[in-house]
Amino acid sequence: MVSKTRRGFLATTAAAATGCIGGSDESLPQPVALDTGKNCEVCGMVIRDHPGPVGQTYFRENSPEGREEGEPARFCSTVCLFDYHYEKQQQGWEPIVHYVTDYSSIEYEVIEKEGFVGGSLYISAHLSAEDQAKGEDTTLVIDSDAMGAMGPSLIPFTNRDDATAFQDEYGGDVVPFGEVTEGLVDSL
């Protein structure tokens, strides 16, 4: 019972730090698959064509231009998700929930890709709805040797030990989702 109470406290604290609105998981809109050829809200890249973690955000009383009410904003990377979040936050948009790729729940690969930034290491993309977790439930490895769609990435894990193991192998810093600041994202 103590871990449930602690988990609830941590989720509420993280949600407040990122501007998320609390609520039971049952009442939250659910993640959608991002493999349908949709473009990123920030950079316009086709999400399915790029490596690395992806994301989506549902907003209260706002939707991205050209979207039906209740559709999420979609992102080719967690960098784009945070960039959009901070831009919309300044305009008064309130996120209901952020979803990001959960590398703790999938079999991922880190591979060297030729033709991308000098043959750098890239982490695989996973685009199904089942591959997504609530952002505030994740710990991110930031600025590791493994790149995503926008180069340096914020790679999410729901299991902190998985994030630490990834950091041990590929470098970077481990930061809870709720502690990611605009300045940190801008520094990547």
Side-chain angles (χ1 to χ4, degrees), residues 7 10-11 13-23 25 28-36 38-43 45 47-48 50-59 64 71-89 93-110 122-144 146-164 166-167 170 172-182 184-185 188:
R7 181 177 296 185
L10 292 173
T13 303
T18 60
C20 294
I21 306 298
D25 286 350
L28 292 174
Q30 296 301 301
V32 297
L34 296 175
D35 59 355
T36 59
K38 300 291 185 185
N39 295 62
C40 177
E41 306 296 338
V42 174
C43 65
M45 295 191 325
I47 296 168
R48 71 173 176 217
H50 300 281
V54 297
Q56 52 194 288
T57 301
Y58 285 93
F59 290 95
E71 283 190 69
R74 298 173 180 96
F75 308 100
C76 69
S77 71
T78 46
V79 171
C80 286
L81 179 146
F82 279 104
D83 282 344
Y84 195 83
H85 167 74
Y86 289 118
E87 175 189 332
K88 294 305 182 185
Q89 187 177 46
W93 287 34
E94 289 183 64
I96 298 170
V97 63
H98 301 285
Y99 289 108
V100 293
T101 306
D102 175 17
Y103 284 91
S104 288
S105 69
I106 55 178
E107 293 292 323
Y108 62 87
E109 295 180 301
V110 175
Y122 283 83
I123 191 163
S124 54
H126 301 272
L127 308 173
S128 74
E130 298 79 33
D131 299 337
Q132 311 296 303
K134 287 175 26 184
E136 61 264 19
D137 292 343
T138 65
T139 300
L140 305 169
V141 179
I142 297 175
D143 203 19
S144 71
M147 303 290 174
M150 299 306 289
S153 200
L154 301 96
I155 303 171
F157 297 86
T158 51
N159 182 312
R160 185 175 176 86
D161 291 340
D162 293 341
T164 302
F166 188 88
Q167 176 197 32
Y170 299 104
D173 297 308
V174 174
V175 177
F177 187 92
E179 293 180 16
V180 174
T181 64
E182 188 172 8
L184 179 62
V185 176
L188 296 176

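Treat the numbers as computed from the prediction; the structure is a model and nothing was measured. Computation of the quantities below employed the complete heavy-atom set of this structure, encompassing side-chain atoms and omitting hydrogens, waters and symmetry-equivalent molecules.
In this structure the side chain of Tyr170 reaches within 4.5 angstrom of the side chain of Val110, judged on heavy atoms. Between Phe82 and Phe75, the closest side-chain pair of non-hydrogen atoms is not below 4.5 Å. With a 4.5 Å cut-off on side-chain heavy atoms, Lys134 and Leu28 count as touching. In this structure the side chain of Cys40 never reaches within 4.5 angstrom of the side chain of Ser77, judged on heavy atoms. Put simply, the side chain of Tyr108 does not reach to within 4.5 Å of the side chain of Ile155, judged on heavy atoms. Looking only at side-chain heavy atoms (C-beta outward), Ile142 and Val180 come within less than 4.5 Å of each other. Residues Thr57 and Tyr84 fail the side-chain proximity criterion, which asks for heavy atoms closer than 4.5 Å. Within the 4.5 Å cutoff, side-chain heavy atoms of Val32 are placed close to those of Arg74.
The shortest heavy-atom contact between Ser153 and Met147 is CB-C, 4.3 Å. Gln56 approaches Pro72 most closely through the heavy-atom pair OE1-CG, 3.8 Å. Nearest heavy atoms, Leu34 versus Gly55: CD1-O, 3.7 Å. The heavy-atom pair separating Pro51 from Ile123 by the smallest distance is CB-O, 3.4 Å. Across all non-hydrogen atoms, the minimal contact from Val79 to Pro152 is CG2-O, 3.5 Å. When all heavy atoms of Leu140 and Thr138 are compared, the pair lying nearest together is CD2-OG1, 4.0 Å.
With rounding to the nearest 0.5 Å, the separation of CZ in Phe59 from NE2 in His85 is 7.5 Å. Of the inter-residue distances, the one linking Ile106 atom CD1 with Glu130 atom CD reads 11.5 Å to the nearest 0.5 angstrom. Here Cys76 contributes atom SG and Met45 contributes atom CE; the two are 3.5 Å apart, rounded to the nearest 0.5 Å. Here the straight-line distance linking atom CG of Asn159 with atom CG of Asp102 works out to 9.0 Å at 0.5 Å rounding. Note: Asp173 CG to Leu154 CG = 10.5 Å, rounded to the nearest 0.5 Å. Put simply, NZ on Lys88 and CG on Asp83 are 12.5 Å apart, with the number rounded to the nearest 0.5 Å.
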- request: Could you go through the side chain to side chain contact (heavy atoms under 4.5 Å, CB included) check for Glu87 and Trp93 one step at a time?
  value: CA-CA 9 Å; Glu87 175 189 332; Trp93 287 34; over 6 Å; no
- request: Run the numbers on Asp35 and Ser128 for side chain to side chain contact (heavy atoms under 4.5 Å, CB included), then give the verdict.
  value: CA-CA 7 Å; Asp35 59 355; Ser128 74; 5.7 Å; no
- request: Please step through side chain to side chain donor-acceptor pair (under 3.5 Å) for the pair Asp162 and Ser104, ending with a clear verdict.
  value: CA-CA 6 Å; Asp162 293 341; Ser104 288; 2.8 Å; yes
message: Does Asp131 form a side chain to side chain contact (heavy atoms under 4.5 Å, CB included) with Val54? I'd like the steps, not just the answer.
response: CA-CA 10 Å; Asp131 299 337; Val54 297; over 6 Å; no
task: Report the C-alpha distance between Ser144 and Gln167 in whole Å, list the side-chain angles of each, state the deciding distance to 0.1 Å, and finish with yes or no for side chain to side chain contact (heavy atoms under 4.5 Å, CB included).
output: CA-CA 7 Å; Ser144 71; Gln167 176 197 32; over 6 Å; no
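Between Tyr99 and Tyr58, the two ring planes are perpendicular [angle over 60°; tilted spans 30° to 60°]. Using the six-membered ring where Trp is involved, Phe157 and Phe166 have ring planes that are tilted, between 30° and 60° apart.
With sequence neighbours excluded, the residues forming a side-chain contact (heavy atoms from CB on, under 4.5 Å) with Thr139 are Arg160, Ala163, Val174, listed by chain and number.
Side-chain atoms of Thr158 do not come within 3.5 Å of backbone N or O of Asp137 as any donor-acceptor pair.
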